[in-house]
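Hydrogens, waters and symmetry mates are skipped; everything else that's a heavy atom, side chains included, is used. By convention in this document, chain letters (A, B, ...) are assigned in the order of the sequence lines, proteins followed by strands, and residues within each chain are numbered from 1.
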Number of protein chains: 4
Amino acid sequence: MPIADARTKPRWERRKDARPQELLAAALDLFVERGFAATRLDEVAALAGVSKGTLYLYFENKEELFKAVVRENMVPQLADAEELIARFEGHTSELLRTCIKNWWARIGATKLSGISKLMIAESGNFPDVARFYHEEVVSRGEALIRRIVERGIALDEFRPVDPVTATRVIIAPVLMLMMWRHSLHYCHLDPIEPDAFLDCLIDLLTRGFETPAPSTSLPE
Amino acid sequence: MPIADARTKPRWERRKDARPQELLAAALDLFVERGFAATRLDEVAALAGVSKGTLYLYFENKEELFKAVVRENMVPQLADAEELIARFEGHTSELLRTCIKNWWARIGATKLSGISKLMIAESGNFPDVARFYHEEVVSRGEALIRRIVERGIALDEFRPVDPVTATRVIIAPVLMLMMWRHSLHYCHLDPIEPDAFLDCLIDLLTRGFETPAPSTSLPE
Amino acid sequence: MPIADARTKPRWERRKDARPQELLAAALDLFVERGFAATRLDEVAALAGVSKGTLYLYFENKEELFKAVVRENMVPQLADAEELIARFEGHTSELLRTCIKNWWARIGATKLSGISKLMIAESGNFPDVARFYHEEVVSRGEALIRRIVERGIALDEFRPVDPVTATRVIIAPVLMLMMWRHSLHYCHLDPIEPDAFLDCLIDLLTRGFETPAPSTSLPE
Amino acid sequence: MPIADARTKPRWERRKDARPQELLAAALDLFVERGFAATRLDEVAALAGVSKGTLYLYFENKEELFKAVVRENMVPQLADAEELIARFEGHTSELLRTCIKNWWARIGATKLSGISKLMIAESGNFPDVARFYHEEVVSRGEALIRRIVERGIALDEFRPVDPVTATRVIIAPVLMLMMWRHSLHYCHLDPIEPDAFLDCLIDLLTRGFETPAPSTSLPE
DNA sequence: AATGAATGAGAATTCATTCAT
DNA sequence: AATGAATGAATTCTCATTCAT
């Protein structure tokens with residue numbers, strides 16, 4: 001665990017504006033890796049290159065830091081996706097592929113994916129944060145995908161399926177892929193290739209949702 | 001100090017053998033709900049109906065308890081599945097369906113599903129347990145499913161896909177469903193129905209893997 | 001500050017019943033001498049001959065310990081005094097003398113006098129304890145003395161004075177004497193002699209409250 | 001960075017000299033209300049309207065601030081009283097009344113009364129300040145009152161009493177009245193009226209010290 | 001085997017003090 | 001002179017672990 005003591009700087013440095021972000025980034029890393037309880041604030045501070053006390057200038061206590069980590073890293077991406085869906089023209093399979101790929105590029109492949117792991121691991125300990133997360137992220141995210149499924153069905157590009165359930169079946173493997181990224185023990189032998197995984201998934205979804213070729217019965 | 005041969009004890013006192021199991025069960029519940037660090041041994045003992053000291057008669061320390069929890073709850077189911085696959089006759093889609101359903105019935109729907117969440121959450125803190133878990137469970141589990149996929153391809157019942165990747169795409173949603181069971185915040189509105197989820201998933205996999213209908217080219 | 005490490009005992013000793021009292025006694029000493037904030041729980045524990053952690057088996061936190069110290073040491077003495085007043089027969093001056101002497105013997109001269117100093121010093125920091133103390137001790141104590149004054153007036157043994165104010169004038173010097181006992185810096189030269197102080201006070205009160213000799217002016 | 005000669009500053013900026021006084025006043029308020037340890041320098045600075053750092057321009061550290069608070073608020077009044085006593089002509093009871101009333105008007109009713117409470121509360125933590133305070137204030141104050149008592153006895157206006165003890169009996173209730181002013185919890189119902197208290201006290205002292213009417217035995 | 005009082009190392013949190021600006 | 005961000009020593013509080021009974 002290399003603690004970045006990148007300081008040949010003066011004993012301290014005045015940079016009130018950058019600090020919170022640096023601390024949040026450090027906290028995200030450690031919370032994701034170790035969980036809430038096992039993360040020591042000393043380490044967060046050290047990783048951010050400040051002293052323990054400094055942390056308390058910006059966050060009232062450990063729990064507030066945790067909440068801030070969740071809060072700060074969540075919202076922005078959803079709006080873009082919502083817009084994309086609204087504007088998209090083309091086959092719904094294509095839309096689904098684009099969305100999944102975007103999701104991965106913008107969240108799954110970044111540190112933000114850690115938040116998901118964090119919420120799965122800690123939701124039992126922080127019911128209010130969990131509720132908040134569910135409302136602001138999970139619900140909106142599900143609605144997003146559900147709209148795609150509904151569009152597919154409406155345009156007769158997808159078989160008629162239960163959109164709520166189908167949505168979750170779509171989401172689950174992507175989420176799981178995000179979680180795996182933070183379960184390092186998997187890296188041995190045969191590491192998971194996100195792109196291969198997603199291509200396979202998308203392929204599966206495309207075929208699985210496509211309307212049965214009507215031509216088969218036509219010839220007669 | 002009454003000297004008592006254990007075999008002469010009345011029935012209600014022969015808890016000796018049951019104790020470790022009760023403790024492991026209690027520990028599983030709490031570790032899954034709260035994580036390793038946030039679980040207090042007081043509570044584990046209380047939930048098992050014994051005193052804190054008693055715990056140390058059976059487990060050297062907290063970490064050993066954790067390892068025991070993982071160890072005790074993993075192995076047994078895999079052998080059955082391995083045998084099922086070896087013996088199965090019929091369409092591979094049917095085999096896949098059976099296996100997934102069994103998996104859910106025997107693991108996903110039980111407390112054992114908590115182990116998966118636990119390993120995802122704590123693998124960073126217990127690399128050796130993670131490695132052990134990976135070897136004993138993950139690898140064997142993946143191999144199991146992979147054999148099905150390979151069988152499907154070999155029998156020309158499945159499209160030719162990369163078995164390793166396809167395996168993970170199959171596993172991921174089931175695992176995620178297991179995790180969700182332990183993230184209570186989901187329970188609001190619209191709870192996830194495991195059976196509907198799995199049926200939808202199996203349907204998708206069946207269609208997604210099925211060999212392209214050769215009939216389409218027949219008419220000529 | 002000799003910390004009584006009177007332990008040639010085993011590493012610890014099981015005596016659940018005595019512990020709270022020992023801890024309260026130690027806490028009283030230190031709170032009185034240093035005040036709430038300046039008292040360290042380590043020291044309280046050390047003075048009671050136990051470890052820091054043991055304190056928390058009996059008191060939830062520092063503030064609860066403080067409250068317990070105040071609560072435990074106050075109430076019992078008042079009941080006795082109330083009864084004495086009710087039964088007393090004789091001149092009210094004599095009753096007043098007896099009460100003051102008793103007060104000193106049972107409280108002023110003991111460790112309990114420290115509570116008064118404590119409440120004066122800390123009432124600003126613990127409004128709720130202050131309120132509690134006021135209701136349970138101050139009010140009852142004032143009522144006690146006031147009843148004496150009223151009796152004196154009723155029996156024409158005391159001049160008619162405002163009982164409420166007179167009561168406080170009686171109480172104040174005794175309280176102050178109690179406070180001085182805990183302001184060690186006074187001990188230099190000329191230490192205060194509680195008995196001489198109280199005798200002088202009682203003498204003063206006796207003469208000051210006595211009904212003016214009516215005979216002097218009558219003869220003419 | 002505008003370079004400004006302090007002497008060219010507009011009137012409202014020449015706070016330089018006032019600063020220490022403002023800080024001392026703020027510190028007095030908080031030390032009295034909360035005690036030394038529970039007073040945070042942040043709050044002192046905030047109450048004085050400056051930043052924490054500024055405090056250190058005027059006082060080396062918290063303890064020096066405390067000492068300065070005590071030092072600055074003690075001395076001045078005693079000289080006047082000493083002179084008053086030297087010059088006074090009239091009955092000693094009158095002198096005593098005047099002195100007590102002055103004492104209250106000039107000290108008891110002002111913030112200075114807080115110093116007494118502070119010294120009672122903190123003398124254990126600051127033995128040297130206590131000694132200093134004792135020598136400069138307590139001793140001189142006692143001497144002052146003692147001189148009155150001695151004058152009364154010498155002029156045959158007071159009964160012969162032990163002047164040292166009598167002095168303390170006089171002082172104690174006034175001091176206690178000062179302390180009560182800073183123990184807010186008393187304010188409920190029935191607040192103490194300083195003037196009524198002092199009148200009652202003075203009345204008591206006057207009668208209590210007066211020489212027994214020699215006339216009683218004269219009638220013949 | 002079981003208990004639970006006692007321990008003490010370790011983590012969170014506070015706040016007097018410093019010092020670059 | 002004034003500021004206030006940064007520091008870290010000191011203190012409260014927690015909880016895994018021990019061990020006499």
Side-chain angles (χ1 to χ4, degrees), chain A residues 9-17 19 37-45 49-63 65, chain B residues 1-2 4 6 9 13-16 19 37-45 49-63 65, chain C residues 9-17 19 37-45 49-63 65, chain D residues 1 4 6 9 13-16 19 37-46 49-63 65:
Chain A
K9 310 170 195 170
R11 193 154 71 93
W12 54 264
E13 201 175 334
R14 197 182 290 244
R15 18 187 213 148
K16 196 178 184 193
D17 327 334
R19 280 287 142 75
T39 295
R40 280 183 290 109
L41 293 189
D42 294 27
E43 290 182 289
V44 174
V50 300
S51 77
K52 215 178 353 168
T54 301
L55 226 161
Y56 285 87
L57 294 177
Y58 300 99
F59 303 96
E60 233 178 290
N61 54 40
K62 195 180 181 182
E63 188 161 341
L65 174 63
Chain B
M1 219 79 9
K9 283 185 185 176
E13 271 196 23
R14 59 149 167 67
R15 309 292 302 276
K16 211 176 54 163
R19 277 286 145 76
T39 294
R40 297 214 313 282
L41 293 189
D42 280 21
E43 291 181 288
V44 173
V50 301
S51 77
K52 209 175 4 166
T54 302
L55 226 159
Y56 283 85
L57 296 175
Y58 298 100
F59 303 96
E60 219 177 308
N61 55 38
K62 195 181 182 183
E63 188 160 341
L65 174 63
Chain C
K9 309 170 197 171
R11 193 155 72 91
W12 54 263
E13 202 175 336
R14 198 182 289 243
R15 15 188 217 148
K16 196 178 184 192
D17 327 334
R19 279 287 143 75
T39 295
R40 279 181 291 109
L41 293 187
D42 294 27
E43 290 181 289
V44 173
V50 300
S51 79
K52 214 178 355 168
T54 300
L55 226 161
Y56 285 87
L57 294 177
Y58 300 100
F59 303 96
E60 233 178 291
N61 56 37
K62 194 180 182 183
E63 188 161 339
L65 175 63
Chain D
M1 218 79 10
K9 284 185 185 175
E13 271 198 21
R14 58 148 167 67
R15 309 292 300 275
K16 210 176 57 165
R19 277 286 145 78
T39 295
R40 299 214 313 280
L41 293 190
D42 279 20
E43 291 181 290
V44 173
V50 300
S51 78
K52 211 177 1 169
T54 302
L55 226 160
Y56 283 83
L57 295 175
Y58 298 101
F59 304 96
E60 220 176 306
N61 56 37
K62 194 181 183 183
E63 188 160 342
L65 175 62

Integer-rounded Å distance: dA2(E) C1' and F59(B) CZ: 15 Å
Separation of atom CG in L57(C) from atom C1' in dG8(E), rounded to whole Å: 13 Å
Residue list, side-chain hydrogen bond (donor to acceptor under 3.5 Å, both in side chains) with [X], at least two apart or on another chain:
X: D42(B); value: K52(B)
X: E63(D); value: none
X: T54(A); value: S51(A)

Looking at [X], does any N or O in its side chain come under 4.0 Å of the phosphate oxygens OP1/OP2 on [N]?
X: Y58(A); N: dA6(F); value: yes
X: T54(D); N: dA1(F); value: no
X: S51(C); N: dT7(E); value: yes

Annotated protein contacts, base or backbone, on nucleotides 9-14 of chain E with a non-hydrogen cut-off under 4.0 Å, one of B, S, - each: BBSSBB
Smallest separation among heavy atoms of K62(D) and L41(D), with atom names: CG-CD2, 3.8 Å
Closest non-hydrogen atom pair, A38(D) against A37(C): N-CB, 4.0 Å
Min side-chain heavy-atom separation Y58(B)-L65(B) under 4.5 Å: no
Sub-4.5 Å side-chain heavy-atom contact between L55(A) and V50(A): no
Pairwise 5' ranking along DNA chain F for L55(D) and L55(A), keeping only the more 5' one: L55(D)
DNA chain F: stems of at least 3 consecutive Watson-Crick or G-U pairs whose donor-acceptor distances fall under 3.5 Å: E:2-21 with F:2-21
